[in-house]
> 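Right, I'll just put the structure down here and ask away after.
Everything numeric in this text was worked out from a predicted model, so none of it was measured. Any value given below was found using the heavy atoms of this structure, including those in side chains, with hydrogens, waters and symmetry copies removed. Both ligands and their constituent atoms are indexed starting at 1 by order of listing.
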Amino acid sequence: MTPTRLTRRRFLASAGAALAAPYVLPARARGAAAPSNRVHVGCIGVGNQGSQVLQGFLQNDDVQVVAVCDVNTASYGYKTASQYLGRDPARRMVEDHYAAGSPSGRFRGCDAVTDFREVLGRPDVDAVTIVVPDHWHAVMTVLAARAGKDIYCEKPLSLTVEDGRAMVQAVRRSGIVLQTGSHERSRQVTRLACELVRNGRIGRLRRILAVVGPHNKVGPEGAWAPMPVPPGFDYETWLGPAPWEPYHKDRCLYTFRFILDYSGGQVTNYGAHSLDMAQWGHGTDRTGPVEVEDAGSEWPRDGLFNVATRVGFRARYADGVELECLTRDDNVAARFEGTEGWVEVGYKGFFTEPESLKRTVFGPNEVRLYESRDHYRNFLDCVKSRAEPAAPVEVGHRSVTLCHIGNIAMRLGRRLRWDPEAERFIGDDEANRLLGRPKRAPWGL
Ligand SMILES: NC(=O)c1ccc[n+]([C@@H]2O[C@H](COP(=O)([O-])OP(=O)(O)OC[C@H]3O[C@@H](n4cnc5c(N)ncnc54)[C@H](O)[C@@H]3O)[C@@H](O)[C@H]2O)c1
């Protein structure tokens with residue numbers, strides 16, 4: 001990090017570390033954090049997952065949420081208003097939280113804005129959460145990095161491979177901390193499964209199965225009619241860099257996942273977890289496979305939702321390990337098959353063959369992986385220490401790259417050769433054109 005990019009708060013952090021280290025001590029070690037020692041956070045996107053992330057940050061008493069930002073005023077289109085929020089309910093949640101902890105029982109002091117650039121422009125904001133649809137992740141991350149903000153950005157990190165690489169470069173140039181929202185990286189059982197594979201406890205790794213959940217939403221099929229934009233919803237800003245299309249409620253909140261302009265379907269939604277686990281266990285989480293091909297994917301003929309309704313692709317790594325990604329009903333799982341056993345970890349649990357592998361005690365010279373027990377806490381600790389977090393930008397980018405190239409192979413229905421260094425397909429211009437997308441003005445990177 002160059003000195004000119006040091007913010008006032010970050011300067012205090014590094015000066016504190018060098019002098020007496022009061023700032024770098026975890027808040028839990030000190031009890032309630034003094035207001036001046038808190039990490040000031042702006043939360044961009046407070047819908048389905050954004051409301052969970054907001055609550056996760058509020059649980060840490062060395063955090064002060066100073067702003068929430070959303071283009072949705074209040075819960076339009078969601079089934080459960082209390083769960084999904086929107087800008088105004090999110091502000092109330094923050095203020096109620098701080099009011100409950102204040103002697104007067106009152107608190108005002110969380111901004112609620114529509115334009116995320118207002119959050120980035122505040123000098124007192126140290127870090128932002130980016131929990132918006134995938135088509136916005138790159139633009140917000142690059143601008144937040146340029147503004148010197150640390151970033152908690154949800155998975156899947158990017159909409160395209162080229163966007164992901166631009167995010168990595170922006171983060172590196174500005175020296176900020178970015179945590180990808182790949183929660184499996186902070187789950188002990190996932191780490192154990194990956195350590196078993198990395199230490200050869202299942203023999204030589206031969207095959208990996210990465211599971212993604214079924215296409216679980218039904219959208220309008222065939223012709224669909226545009227709908228009026230509801231009051232309190234800034235649809236133009238929701239679209240942002242994506243191509244302009246008429247409004248339909250199923251285009252936006254939550255179900256954007258099933259439209260290729262904004263996301264990649266379940267292969268990026270769940271694959272950002274299961275393929276990330278696959279790469280972690282294999283030790284390829286800063287590179288990728290050398291070949292990828294369709295393996296029986298199914299696609300809708302028409303309708304608003306145009307992502308694969310059944311995921312199926314195969315990839316091969318330079319060391320000969322085969323990976324298969326497919327739809328199964330348990331949403332997220334990675335299964336590693338070796339010459340002497342197998343390990344499977346996911347939402348359904350942790351299974352091994354032989355069973356005794358679960359009780360493995362590793363020796364001092366064996367491979368141990370990054371240990372984090374709480375994804376939000378890990379990010380906050382790294383904001384203070386400037387260390388690399390559990391799911392850094394390169395890892396988040398490489399995991400979603402595997403999702404993207406799998407999607408491209410499924411869309412084209414043919415075998416593609418991949419160069420993980422150049423991040424290009426070899427000898428296939430049509431496939432290479434799908435690695436990036438134009439962005440609607442003024443949102444070009
Ligand atoms: N880590 C996980 O397990 C996990 C789980 C669920 C979702 N996610 C990720 O979180 C992201 C959001 O998904 P979701 O389910 O919360 O979707 P959502 O539609 O419920 O929420 C997105 C929110 O962003 C707001 N928004 C859109 N554009 C905006 C803009 N320009 N400025 C400010 N706000 C804007 C929307 O109004 C909405 O409230 C996705 O990338 C998704 O993959 C991660």
> For T237, counting its heavy atoms only, list the atoms of ligand 1 lying under 4.0 Å from any of them.
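This gives 31 (N) as the contact atoms.
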> With distance as the sole test, does R191 use its side chain to make a donor-acceptor pair with the main-chain N or O of E184 at under 3.5 Å?
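No, the answer is negative, given that no donor and acceptor are paired below the 3.5 Å cut-off.
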> Taking the basic N atoms (NZ, or NE/NH1/NH2) and the acidic carboxylate oxygens, is any pair closer than 4.0 Å for R207 and E322?
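A salt bridge is absent here (no side-chain N lies under 4.0 Å from a carboxylate O).
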> Going by heavy-atom distance to atom 36 (C) of ligand 1, choose the closest among T255, N72, V113, D70.
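Looking at heavy atoms only, the winner is D70.
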> Is the shortest N/O to N/O distance between G181 and ligand 1 below 3.5 Å?
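G181 vs ligand 1: N/O contact under 3.5 Å present.
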> Assess whether a salt bridge exists between R122 and D111, defined as any Lys/Arg side-chain N lying under 4.0 Å from an Asp/Glu carboxylate O.
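Salt bridge: yes.
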> Does G86 come within less than 4.0 Å of ligand 1, judged by its heavy atoms?
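No; G86 lies far enough from ligand 1 that no heavy-atom distance drops under 4.0 Å.
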> At a 4.0 Å cut-off, with the gap strictly under it, does some heavy atom of R87 reach an atom of ligand 1?
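The answer is no: ligand 1 sits nowhere under 4.0 Å from a heavy atom of R87.
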> To the nearest 0.5 Å, how far apart are CD in Q169 and NE2 in H397?
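Reported to 0.5 Å precision, the distance equals 9.0 Å.
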> Which of these, T268, L178, V395, sits in a side-chain contact (heavy atoms from CB on, under 4.5 Å) with L157?
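Checked T268, L178, V395 against L157; only one passes side-chain contact (heavy atoms from CB on, under 4.5 Å): L178.
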> Hey, are E162 and R437 close enough for a salt bridge, meaning a charged N less than 4.0 Å from a carboxylate O?
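Here E162 does not pair with R437 in a salt bridge, since their nearest N and O are not under 4.0 Å apart.
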> As an exercise, identify every atom of ligand 1 less than 4.0 angstrom from a heavy atom of P156.
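Those atoms are 43 (O).
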> H137 heavy atoms, cut-off 4.0 Å: which ligand 1 atoms fall inside?
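Result: 41 (O).
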> Looking at D134 and K155, is any side-chain nitrogen of the basic one under 4.0 Å from a carboxylate oxygen of the acidic one?
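A salt bridge is absent here (no side-chain N lies under 4.0 Å from a carboxylate O).
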> Have a look at ligand 1 and work out which part of F116, if any, has a heavy atom under 4.0 Å from it: side chain, backbone, both or neither.
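For F116, there is no contact with ligand 1 at all, from either part.
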> A side-chain contact here means heavy atoms from C-beta on lying under 4.5 Å apart; do P241 and W136 qualify?
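With C-beta onward as the side chain, the pair touches.
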> At less than 4.0 angstrom from any non-hydrogen atom of H183, what atoms of ligand 1 do you find?
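In order of numbering, the contacting atoms are 1 (N).
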> Measure from the side-chain N and O atoms of Q266 to the backbone N and O of V311, and report whether any donor-acceptor pair falls under 3.5 Å.
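Looks like no, no N/O pair under 3.5 Å.
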> For atom 29 (C) of ligand 1, which of V71, V68, V131 has the closest heavy atom?
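Looking at heavy atoms only, the winner is V71.
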> Select the closest option to atom 1 (N) of ligand 1 among H375, E154, Q52, judged by heavy-atom distance.
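Minimum heavy-atom distance to atom 1 (N) of ligand 1 goes to E154.
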> Counting from 1, what ligand 1 atoms have a heavy atom of W136 closer than 4.0 Å?
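Listed by number with element, the hits are 28 (N), 31 (N).
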> Have a look at D234, V132, L253 and point out the one with the heavy atom closest to atom 12 (C) of ligand 1.
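The option holding the nearest heavy atom is V132.
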> For atom 20 (O) of ligand 1, what is the nearest protein heavy atom, given as residue, atom name and distance?
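That would be Y78 OH, 2.2 Å.
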> Check this for me, if you would: do R92 and D88 make a salt bridge, where the nitrogen-to-carboxylate-oxygen distance has to be below 4.0 angstrom?
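Salt bridge flag = no for D88 with R92.
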> Report the member of K155, E184, R257, M140 with the shortest heavy-atom distance to atom 6 (C) of ligand 1.
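That would be R257.
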> Charged N to carboxylate O below 4.0 Å: is that the case for R368 and E195?
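Salt bridge present between R368 and E195.
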> For the 3.5 Å polar cut-off, considering only N or O atoms, please tell me whether T114 and ligand 1 meet it.
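Not met; the criterion fails.
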> Indicate yes or no: does an N/O atom of Y254 lie under 3.5 Å from an N/O atom of ligand 1?
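For ligand 1, there is an N or O atom that lies under 3.5 Å from one belonging to Y254.
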> Side chain, backbone, both or neither: which applies to Q49 and ligand 1 if a contact is any heavy-atom pair less than 4.0 Å apart?
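Both backbone and side chain.
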> Under the side chain to side chain donor-acceptor pair (under 3.5 Å) test against S399, which residue among T180, D276, D285 passes?
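The residue from T180, D276, D285 that satisfies side chain to side chain donor-acceptor pair (under 3.5 Å) with S399 turns out to be D276.
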> List the closest protein heavy-atom neighbour of atom 40 (C) of ligand 1: residue, atom name, distance to the nearest 0.1 Å.
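Answer for atom 40 (C) of ligand 1: D134 OD1, 3.5 Å.
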> Would you mind checking which non-hydrogen protein atom is closest to atom 3 (O) of ligand 1, with the distance to 0.1 Å?
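Residue, atom and distance for the closest contact: H273 NE2, 3.2 Å.
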> Within a distance under 4.0 Å of any heavy atom of P133, pick out the atoms of ligand 1 and give their elements.
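By the 4.0 Å cutoff, the relevant atoms are 22 (C), 24 (O), 27 (C).
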> If you take the nearest heavy atom of each of F256, W238, F233, which one is closest to atom 17 (O) of ligand 1?
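Going through F256, W238, F233 one by one, F256 has the nearest heavy atom to atom 17 (O) of ligand 1.
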> Who passes side chain to side chain donor-acceptor pair (under 3.5 Å) against T309, sequence neighbours left out?
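None.
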